[in-house]
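The model shown is predicted, which means the values in this text are computed figures rather than measured ones.
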Protein chains: 2
Amino acid sequence: MWQCQGVKATAAPAGAVRQGSLRELNLALVLGRIAAAPRPPSRAALAAETGLTRATVSAVVEDLVAGRLVTEAEPTPRAGAGRPARGLVLAGDGPAGLGLEINVDYLAACVVDLSGEVRHHVVHRADLRPVSAADALGRLARLAAGARAAADEQGLTLAGAALGVPGLVDAAGQVRLAPNLGWRDVPVPELLASHPPLAEAVDGVPALVVENEANLAALAELHAGAGPDNFLHVSGEVGIGAGIVLDGALYRGSRGWSGEIGHIPVRPDGPPCRCGGRGCLERYAGQEAILSAAGLAGADLPADTAPTRLAQLAEAGEAAALDALHEAGTALGVTVASVVNLLDLDTVVLGGGYAPLTPWLRPPMLAEIDRRVLTAAWSPVTVRPATLGATAAAVGAAGSVVRRIIARPAGWLARVGS
Amino acid sequence: MWQCQGVKATAAPAGAVRQGSLRELNLALVLGRIAAAPRPPSRAALAAETGLTRATVSAVVEDLVAGRLVTEAEPTPRAGAGRPARGLVLAGDGPAGLGLEINVDYLAACVVDLSGEVRHHVVHRADLRPVSAADALGRLARLAAGARAAADEQGLTLAGAALGVPGLVDAAGQVRLAPNLGWRDVPVPELLASHPPLAEAVDGVPALVVENEANLAALAELHAGAGPDNFLHVSGEVGIGAGIVLDGALYRGSRGWSGEIGHIPVRPDGPPCRCGGRGCLERYAGQEAILSAAGLAGADLPADTAPTRLAQLAEAGEAAALDALHEAGTALGVTVASVVNLLDLDTVVLGGGYAPLTPWLRPPMLAEIDRRVLTAAWSPVTVRPATLGATAAAVGAAGSVVRRIIARPAGWLARVGS
DNA sequence: GCCATTTAATTCAACCACTGAACAAATAGC
DNA sequence: GCTATTTGTTCAGTGGTTGAATTAAATGGC
């Protein structure tokens, strides 16, 4: 059965620490170091780094290799004397994550292996607003089946799946509200139950995790770059969403509904928003708002090409486009300044449709931030574009699956039976 | 030497997990359960609750008793048959925390024992704005010495100290900016070094932790009530600060400068603020703003009595006061709505000077929140007054010391030498 | 008043995982 | 070929948990 649960991987043992936990923790520790190392580390290097003895590291690595999480690289020739080290790398043929995404104008599926490499990636463009939720999910299931076949072909075992949707998801995986898709109370796990590309829930973790796409995009950014531990990832799609990464972990809020930055009031008495509030950020920096300010209101561009079109116009020095972007950047800056004052972040990442517009959005944003952030004098805030492309959420979704394995390898090892 | 470091107690083992870590983790687990239990639990109950065997729990408890962290309560007579359980309680004569606070118009010191009981509390009222930082800290040191004597007298051992200040504190414990005190770059640890009421840093944790007082007040609220895991604690003092508790832990930000809610813009083009921005919350809901709107601008009330005076006027139906509070509540509501949209919180606690004004601030706040928070329809946001009094920060400071011991008892046990 | 019943806590052999030291393996330099 | 050097494994030793048996201390039925 498909169920849902949060993405955040809690590495810390919550309950009793039995003897086996010791090995579980050290498996996670060693595997985490292997994953984080810039080049394949040797057992000896891992021992020195972690403080464990070489004997223990050897035993732990043996388990990891037996469970197909780690493989030995070719002996790297050493500089100087001594037996050559055998480098350890994440297995390219072990478990993999299936990442799915539903958005207003596309579906995406991808497979990411343990090392974070994208091994399969399909995007299916289609306007999903007129399509029923069941129909959309049916198409998604076909994409998922294709991804599963691709994974099989490459010797990968899918260990789980995560799905990103542009809306609010509750603890059961139900989409409570996805305004831009026109969804309300859509029981996604139930609707997908007839096309299950994966086995049942394993070990407390459901086979499918449904999550807000902004959160997953932020996760993708966290995993991709050797970036900072605390940042805000702002995705400009049709709506505006944000993923919040605090202390190196995605912050989801009590119910997973964090990051609804699009409805933060910029001007409390501003124009009414369809959310019921007034002067929300979306009214100033949402895609519709920017396009109509740039005089492209009726152009009826496909949503995915609108940002590139705007960038072209701005590049050409088109005054209306430049003004529109300046306005949007200012509104974003006011909002982001609030967030930075509140959370003491050092970095803001512009993702989704904002990424290609960064050169024009950044200056007005920084101006507002510098003026309004109390601590900006001591440490400047960086505003930079996302490193991943438009379907970052799908990659983040797949990444969340493999990251959970890296954070808690014992679960996987128990599953393969070792 | 007095040094500084963050307050957040990370219970999770970051590095290698050796054999001793096993015991360390179970010490923390068992002690944590004893601390959280509503009534003294027996060893058997702890075993059932934690999943450890009774043998292990007995061994762990023996260590805790030997280290004077836990004592046995009188055997509670059981209902029904069976040997009566021996209840375990946190020791009332073990380690304790020293909490200090410097604010605009008072100094405070308190001692809190392991169970969170306040065993000593002194408040010294004095306007500290005209006083030099060195002088103020000298007076504080005298209060601290008194607190230490009181602790000794009650058989308590001070295990550490924390100091709350109304400003930005850097990683070294230096106060970078405390606008309402008129402090800038004050090296607090250095200035207090000549009056050390405590031994040196133990075990990586400095003898004195300097922290923003809004953060400490939020911690006090977290420890006091069986409250929610995610909340915002807004302190209305001369400035407006906020402490953010996420997933049951204080969130401090990359540099400990989170919660600067007072300078979140309410109206981006509003009146200029001394921070350099415009239309900051402090201009609408800060103490000065409320007082002048209520027609009490020149009244020159002592800062601590201003809220009670306002409450009296509001109680009496004074129109100017009611209007002023309505305005302030609306501005607070707009800001808090932003925060809730961003962080998905379920509770907002009004502390400091706001606490007695809650009856008048809450209705306009809730009106704005309901209108602007996207998810308010599914789960209402609670706004309630803080349970602690005006000097919550001092209690929170002391509490942070004992909480760290509860989170990592092994450190204390090593210190007392078992 | 005595004994069966019930629950609490301790004792003890077994076991698991880590430690530390000794040892085997594999290379560079002389 | 020999030594120095570093990697990785083997193995006895140890700390800490487990699980079962045992002791402890109460209640309730007869």
Side-chain angles (χ1 to χ4, degrees), chain A residues 13 15-30 34 39-66 70-88 409-410 413-414 418, chain B residues 13 15-30 34 39-66 70-88 409-410 413-414 418:
Chain A
V17 185
R18 15 183 35 74
Q19 295 186 257
S21 322
L22 235 171
R23 175 49 67 88
E24 283 183 26
L25 290 167
N26 283 331
L27 282 166
L29 177 68
V30 169
I34 293 174
R39 76 193 72 257
S42 66
R43 293 167 173 76
L46 288 169
E49 201 179 329
T50 59
L52 296 166
T53 60
R54 282 174 304 170
T56 304
V57 171
S58 280
V60 166
V61 166
E62 194 178 4
D63 282 5
L64 293 174
V65 170
V70 164
T71 50
E72 283 192 345
E74 277 308 289
T76 20
R78 307 181 28 76
R83 172 175 170 175
R86 277 185 286 170
L88 299 167
L413 296 184
S418 149
Chain B
V17 185
R18 15 183 37 74
Q19 294 185 258
S21 322
L22 237 174
R23 178 46 69 89
E24 283 182 25
L25 290 167
N26 283 331
L27 282 165
L29 177 67
V30 170
I34 294 174
R39 75 193 73 257
S42 66
R43 291 165 175 78
L46 288 169
E49 200 180 330
T50 58
L52 296 167
T53 60
R54 283 171 304 172
T56 304
V57 171
S58 279
V60 166
V61 166
E62 194 178 5
D63 282 7
L64 292 174
V65 170
V70 164
T71 50
E72 282 190 346
E74 277 310 289
T76 21
R78 307 180 29 76
R83 171 175 169 174
R86 277 184 286 168
L88 298 167
L413 295 184
S418 146

Checklist entry - Are B/E72 and B/R43 ion-paired here, with the side-chain N under 4.0 Å from a carboxylate O? => result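 Looking at B/E72 and B/R43, the cut-off is met.
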Next on the checklist: Quick check for you: among D/dT7, C/dA8, D/dA26, whose closest atom lies nearest to any side-chain atom of B/P84?
Outcome noted: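 Closest nucleotide among those given: D/dA26.
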Checklist entry - Closest to the A/R18 side chain: C/dT19, D/dT17, C/dA9? => result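 Closest nucleotide among those given: D/dT17.
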Checklist entry - Where is the tightest heavy-atom contact between B/N26 and B/V60, given as atom of each residue plus distance? => result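 Distance-wise, the nearest heavy atoms are O-CG1, 3.9 Å.
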Checklist entry - Nucleotide by nucleotide, 5' to 3', does protein get under 4.0 Å of the base (B), only the sugar-phosphate (S), or neither (-) in nucleotides 10-17 of chain C, counting heavy atoms? => result BB----BB
Let me know the distance between [atom1] of [X] and [atom2] of [N], rounded to the nearest Å.
X: B/L25; N: C/dC18; atom1: CG; atom2: C1'; result: 15 Å
X: B/L88; N: C/dA8; atom1: CG; atom2: C1'; result: 12 Å
X: A/L52; N: D/dG8; atom1: CG; atom2: C1'; result: 15 Å

Checklist entry - Going by heavy atoms in the side chains, are B/L25 and A/L25 under 4.5 Å from each other? => result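 In short, these two side chains touch, coming nearer than 4.5 Å.
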Checklist entry - Within a strict 4.5 Å, meaning less than it, do heavy atoms of the A/V30 and A/L52 side chains meet? => result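 The answer is yes, as the side chains (C-beta and beyond) meet within the 4.5 Å cut-off.
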Checklist entry - In Å, rounded to the nearest 0.5 Å, how long is the span from CD1 of B/I34 to CG of B/L88? => result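 CG of B/L88 is found 5.0 Å from CD1 of B/I34.
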Checklist entry - Below 4.0 angstrom from OP1 or OP2 of D/dT6, is there any side-chain N or O of A/S42? => result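 It does not, given that no N or O in the side chain of A/S42 lies less than 4.0 Å from OP1 or OP2 of D/dT6.
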Checklist entry - Looking at residues at least two apart in the chain, or sitting in another chain, which of them share a salt bridge (charged side-chain N to carboxylate O under 4.0 Å, His left out) with B/R23? => result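 Salt bridge (charged side-chain N to carboxylate O under 4.0 Å, His left out) check on B/R23 returns B/D63.
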